[in-house]
Student: 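Below are the structure tokens for one structure; questions will follow.
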Amino acid sequence: MKKKFSVFLAAALIFTFIGSVKASAITFTPNFTVTSEAAVLINLDKDITLYEKNPTKKMYPASLTKIMTAIIVLDNVNDLDNTTVEAPLVVFDELYGQGASAVGYSRGEIATVSDLMYSMLMYSACESAGILAYHVGGESIPNFVAMMNEKAKEIGCTGTNFANPHGLYDDNQYTNARDMALIAKYAVENYPKFVEIACTTEYTMGATNYQEEGWATIYHTNRMLSTGSDYYYQYARGLKTGTLDESGRNLVSMARKDGNNYLLCTMGAPLKDAEGNNINEQYNDHKNIYEWAFDNFSYEKILSCDKEITEVPVNLGDGVDHVLLVPAEDFSTLWPATLDISNLKAEINTKDYTDENGAITAPVQKGQKLGTYTLSLSGEILCTVDLVTKDSVELSQIEYNIMKAKAFVKSFWFKLAVIIAVALIILYIVVYIAATKKRRRKIKKVSGKRKF
């Protein structure tokens with residue numbers, strides 16, 4: 001009972017707006033603590049955001065930056081396996097002394113773009129990110145960064161700015177959990193090669209001019225993917241880790257279970273516990289959030305286009321005095337099994353589509369919009385759906401003619417015609433009376449002359 005009650009309260013707490021259904025996918029709050037400072041969970045199957053925590057709070061992306069770096073590379077390099085790049089000195093000069101994660105490339109080393117991508121996304125190698133940026137940016141890392149920011153705007157990010165391709169701290173390099181989830185989702189949906197690389201758990205590096213074939217085997221930095229890890233989660237896939245003192249622990253991953261696919265971005269998980277020990281609560285956050293989503297939510301039809309919502313009076317209908325309104329389309333969303341749909345509050349608005357008496361005049365076409373239907377919970381809108389007529393209503397010609405006659409009787413021209421007619425009748429009577437009197441006088445005068 002307590003569990004059901006907590007889920008219900010969670011459902012009532014937070015909603016966010018998402019379009020002729022003007023609909024919002026509801027974001028729910030789980031009944032456990034999420035240690036990360038910010039988080040966004042997206043259902044990839046339905047493009048529904050199920051959970052958010054501080055989604056627009058300014059955060060530092062750290063190595064999550066490399067997701068955008070990968071996108072720009074994939075936009076500009078067609079053949080990753082057969083395109084080779086020489087590592088320039090400028091990349092190593094920038095990274096020197098910063099404690100950047102590295103796979104072991106050296107100045108002048110020639111490697112394939114494919115190997116550089118694997119080492120950047122899986123192993124989070126900062127020199128690989130710099131080498132790729134220098135190459136794609138036309139031997140200019142600032143040019144590459146400009147391409148990153150242009151792409152961020154194209155994707156729809158509103159709180160993101162990049163200053164480098166690898167994610168090392170820069171006060172002018174920032175994002176938020178919503179933008180970062182949007183970038184990751186864009187990469188997953190548009191670049192199969194990105195998914196292939198970012199979800200690989202183990203990879204052997206190819207030969208270079210400095211290294212023999214198979215000189216290094218690298219493993220994904222996301223410990224949820226490693227079967228030997230305490231944080232292993234069998235449903236997890238990819239994508240990217242990122243850690244800085246200034247950012248805390250960041251993680252973007254995906255999970256698939258029973259045909260349901262989610263993408264989760266968390267940012268700002270703590271680096272240490274109260275005793276100063278290193279901790280990795282970001283992994284627990286991801287597992288807990290995924291399990292909560294898998295166990296509690298399913299895609300449900302909340303509103304059917306067959307449901308009769310209300311009726312509107314019809315004037316001049318041919319044998320019909322009202323028309324039924326139904327939703328223009330079905331509305332479905334992710335919904336918790338423990339929350340009854342009947343808890344939703346319904347609001348009907350037809351006043352903007354009817355006359356002052358709440359009626360409409362025939363003819364009425366089937367599917368004609370005559371209102372809106374809004375569902376909400378705890379004052380927050382879930383969806384607004386157009387209400388349309390279930391059937392057509394023909395115009396009654398007899399009633400129409402009667403109405404026109406009545407309208408004409410009340411019109412200015414009819415009144416003017418009556419006034420003119422009355423005036424003419426009065427004038428006629430006056431003229432008639434005058435003529436009659438004149439004729440009588442004439443007759444009387446003639447009769448008088450005859451007496452003499």
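The structure displayed is predicted, hence computed values, not measured ones.
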Student: For the residue pair Lys46 and Tyr299, would you count it as a cation-pi contact if the rule is NZ or CZ under 6.0 angstrom from the ring centre and within 45 degrees of the ring axis?
Tutor: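 Yes, a cation-pi geometry holds between Lys46 and Tyr299.
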
Student: Is any side-chain heavy atom of Glu37 closer than 4.5 Å to a side-chain heavy atom of Met267?
Tutor: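 No; the side chains remain at least 4.5 Å from each other.
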
Student: Hey, are the side chains of Leu132 and Phe144 touching, using non-hydrogen atoms and a 4.5 Å cut-off?
Tutor: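 No. Closest side-chain heavy atoms not under 4.5 Å.
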
Student: Just so I know, are the side chains of Thr350 and Leu325 near enough to count as touching, which here means a heavy-atom distance under 4.5 Å?
Tutor: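 SC-SC contact between Thr350 and Leu325 confirmed.
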
Student: Looking only at atom types and distance, does a side-chain atom of Tyr210 sit under 3.5 Å from a main-chain N or O of Arg107, one as donor and one as acceptor?
Tutor: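 Confirmed, Tyr210 side chain pairs with Arg107 backbone.
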
Student: Using a strict threshold of under 4.0 Å (side-chain N to carboxylate O), is an ion pair present between Asp47 and Lys185?
Tutor: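 Salt bridge present between Lys185 and Asp47.
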
Student: Under a 4.0 Å N-O cut-off, is there an ion pair linking Asp391 with Lys366?
Tutor: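 Result for this pair is no, no salt bridge flagged.
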
Student: Strictly below 4.0 Å, N to O, side chains only: are Glu150 and Lys153 in salt-bridge contact?
Tutor: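 No, this pair does not count.
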
Student: May I ask you to decide if the ring planes of Tyr169 and Tyr60 are parallel, tilted or perpendicular, using 30° and 60° as cut-offs?
Tutor: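 It falls in the perpendicular class, over 60°.
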
Student: Using a 4.5 Å cut-off on heavy atoms from C-beta on, say whether the side chain of Trp335 contacts that of Leu382.
Tutor: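 With C-beta onward as the side chain, the pair touches.
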
Student: How about Gln98: does its CD atom have over 12 heavy atoms from other parts shown lying under 6.0 Å from it?
Tutor: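 Check passes, neighbour count above 12.
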
Student: If you take all heavy atoms of Val364 and Thr389, which pair is closest and at what distance?
Tutor: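 In terms of heavy atoms, the two residues are closest at CG1-CG2, 3.5 Å.
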
Student: Looking only at atom types and distance, does a side-chain atom of Gln368 sit under 3.5 Å from a main-chain N or O of Gln365, one as donor and one as acceptor?
Tutor: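 Present.
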
Student: Which pair of heavy atoms, one from Ala70 and one from Phe194, lies closest together, and at what distance?
Tutor: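 So the two residues come closest at CB-CD1, 4.0 Å.
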
Student: Can you name the closest pair of heavy atoms from Met122 and Ile218 and give their distance?
Tutor: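 Shortest heavy-atom contact: CE-O, 3.7 Å.
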
Student: Cation-pi check for Tyr174 against Lys58: NZ or CZ below 6.0 Å from the six-membered ring centre and within 45 degrees of the axis, yes or no?
Tutor: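 That pair qualifies as a cation-pi contact.
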
Student: Would you say Thr200's side chain and Glu196's backbone share a donor-acceptor pair under 3.5 angstrom?
Tutor: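 A pair under 3.5 Å: yes.
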
Student: Would you say CG of Asp79 has more than 12 non-hydrogen atoms from neighbouring residues, nucleotides or ligands within 6.0 angstrom?
Tutor: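 More than 12 within 6.0 Å, yes.
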
Student: Do Lys307 and Ser304 have side-chain atoms, one donor and one acceptor, less than 3.5 Å apart?
Tutor: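 Absent: no donor and acceptor within the cut-off.
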
Student: Measuring only between side-chain heavy atoms, which start at C-beta, is Lys151 closer than 4.5 Å to Ile71?
Tutor: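 Yes, close enough: below the 4.5 Å cut-off.
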
Student: Measure across Val103 and Ser128 and return the closest heavy-atom pair with its distance rounded to 0.1 Å.
Tutor: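 Reported closest heavy-atom pair: CG1-OG, 4.0 Å.
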
Student: From the options Asn280, Thr35, Thr266, Thr33, select the one residue that forms a side chain to side chain donor-acceptor pair (under 3.5 Å) with Asp285.
Tutor: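 That would be Thr35.
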
Student: Passes salt bridge (charged side-chain N to carboxylate O under 4.0 Å, His left out), Glu308 versus Lys390? Steps please.
Tutor: CA-CA 8 Å; Glu308 296 175 353; Lys390 185 178 181 181; 2.6 Å; yes

Student: Please check: side-chain N/O of Asn357 versus main-chain N/O of Ala359, any donor-acceptor pairing under 3.5 Å?
Tutor: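 No, Asn357 side chain to Ala359 backbone: no donor-acceptor pair under 3.5 Å.
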
Student: Counting C-beta onward and ignoring hydrogens, is there a side-chain heavy-atom pair between Gln173 and Pro61 closer than 4.5 Å?
Tutor: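 A side-chain contact exists here, since the closest heavy-atom pair is under 4.5 Å.
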
Student: Checking the side chain of Asn76 only, and the main-chain atoms of Val136 only, is there a donor and an acceptor separated by less than 3.5 Å?
Tutor: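 A pair under 3.5 Å: no.
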
Student: Would Lys240 and Ser124 count as a side chain to side chain contact (heavy atoms under 4.5 Å, CB included) here? Give the steps.
Tutor: CA-CA 8 Å; Lys240 192 71 197 74; Ser124 206; 2.8 Å; yes

Student: Has Thr112 got a side-chain atom pairing as donor or acceptor with Asp115's backbone, closer than 3.5 angstrom?
Tutor: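 Pair found, side chain donor or acceptor close to backbone of Asp115.
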
Student: Do Asn278 and Arg249 come within less than 4.5 Å of each other through their side chains, counting heavy atoms only?
Tutor: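 Sidechains of Arg249 and Asn278: in contact.
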
Student: Any idea how Tyr290 and Tyr262 line up, ring-wise: parallel (<30°), tilted (30 to 60°), or perpendicular (>60°)?
Tutor: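 Geometry flag for Tyr262 against Tyr290: tilted rings.
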
Student: If every non-hydrogen atom of Ser101 is compared with every non-hydrogen atom of Glu127, which pair is closest and at what distance?
Tutor: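 Taking Ser101 first and Glu127 second, the nearest heavy atoms are O-OE1, 3.9 Å.
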
Student: OG of Ser106 to CD of Gln211: how many Å apart, nearest 0.5 Å?
Tutor: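 Between atom OG of Ser106 and atom CD of Gln211 there are 7.0 Å.
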
Student: Please determine whether the number of non-hydrogen atoms from other residues, nucleotides or ligands lying under 6.0 Å from atom CG of Asn78 exceeds 12.
Tutor: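 Not buried by this count: 12 neighbours or fewer within 6.0 Å.
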
Student: Could you go through Asn260 and Phe294, starting from their C-alpha distance and side-chain angles, then the distance that decides it, and tell me whether this counts as side chain to side chain contact (heavy atoms under 4.5 Å, CB included)?
Tutor: CA-CA 8 Å; Asn260 295 301; Phe294 289 137; 3.9 Å; yes

Student: May I ask you to test the Val85-Leu116 pair for a side-chain heavy-atom distance under 4.5 Å?
Tutor: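 The answer is yes; the side chains approach within 4.5 Å.
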
Student: Please lay out, stage by stage, how Lys369 and Tyr353 fare under the test side chain to side chain donor-acceptor pair (under 3.5 Å).
Tutor: CA-CA 8 Å; Lys369 181 179 178 181; Tyr353 306 88; 3.2 Å; yes

Student: Could you check whether any side-chain N or O of Ser247 sits under 3.5 Å from a backbone N or O of Leu244, counting only pairs where one atom can act as donor and the other as acceptor?
Tutor: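 Yes; judged by distance alone, with no hydrogens or angles, the pair exists.
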
Student: Would the number of heavy atoms belonging to other residues, nucleotides or ligands and lying under 6.0 Å from CD of Glu246 be above 12?
Tutor: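 It does: Glu246 CD has more than 12 such atoms within range.
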
Student: Under a plain distance cut-off of 3.5 Å, with no hydrogens placed, do Tyr373 and Asp386 share a side-chain donor-acceptor pair?
Tutor: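 Tyr373 and Asp386 do not have a side-chain donor-acceptor pair below 3.5 Å.
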
Student: Is it true that a side-chain atom of Lys53 and a backbone atom of Val34 form a donor plus acceptor pair closer than 3.5 Å?
Tutor: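 Side chain of Lys53 to backbone of Val34, a donor-acceptor pair under 3.5 Å: yes, one is there.
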
Student: Heavy-atom count check: over 12 atoms from other residues, nucleotides or ligands less than 6.0 Å from Lys351 NZ?
Tutor: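 Atom NZ in Lys351 is not packed in, count stays at 12 or less.
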
Student: Specify the closest pair of heavy atoms between Val385 and Glu329, including all atoms of both residues, with the distance to one decimal.
Tutor: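 For Val385 and Glu329, the tightest heavy-atom pair comes out as CG1-O, 4.0 Å.
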
Student: Would you check, one step at a time, whether the test ring pair (Phe, Tyr, Trp, His ring centres under 6.0 Å) holds for Tyr219 with Tyr203?
Tutor: CA-CA 7 Å; Tyr219 301 88; Tyr203 181 77; over 10 Å; no

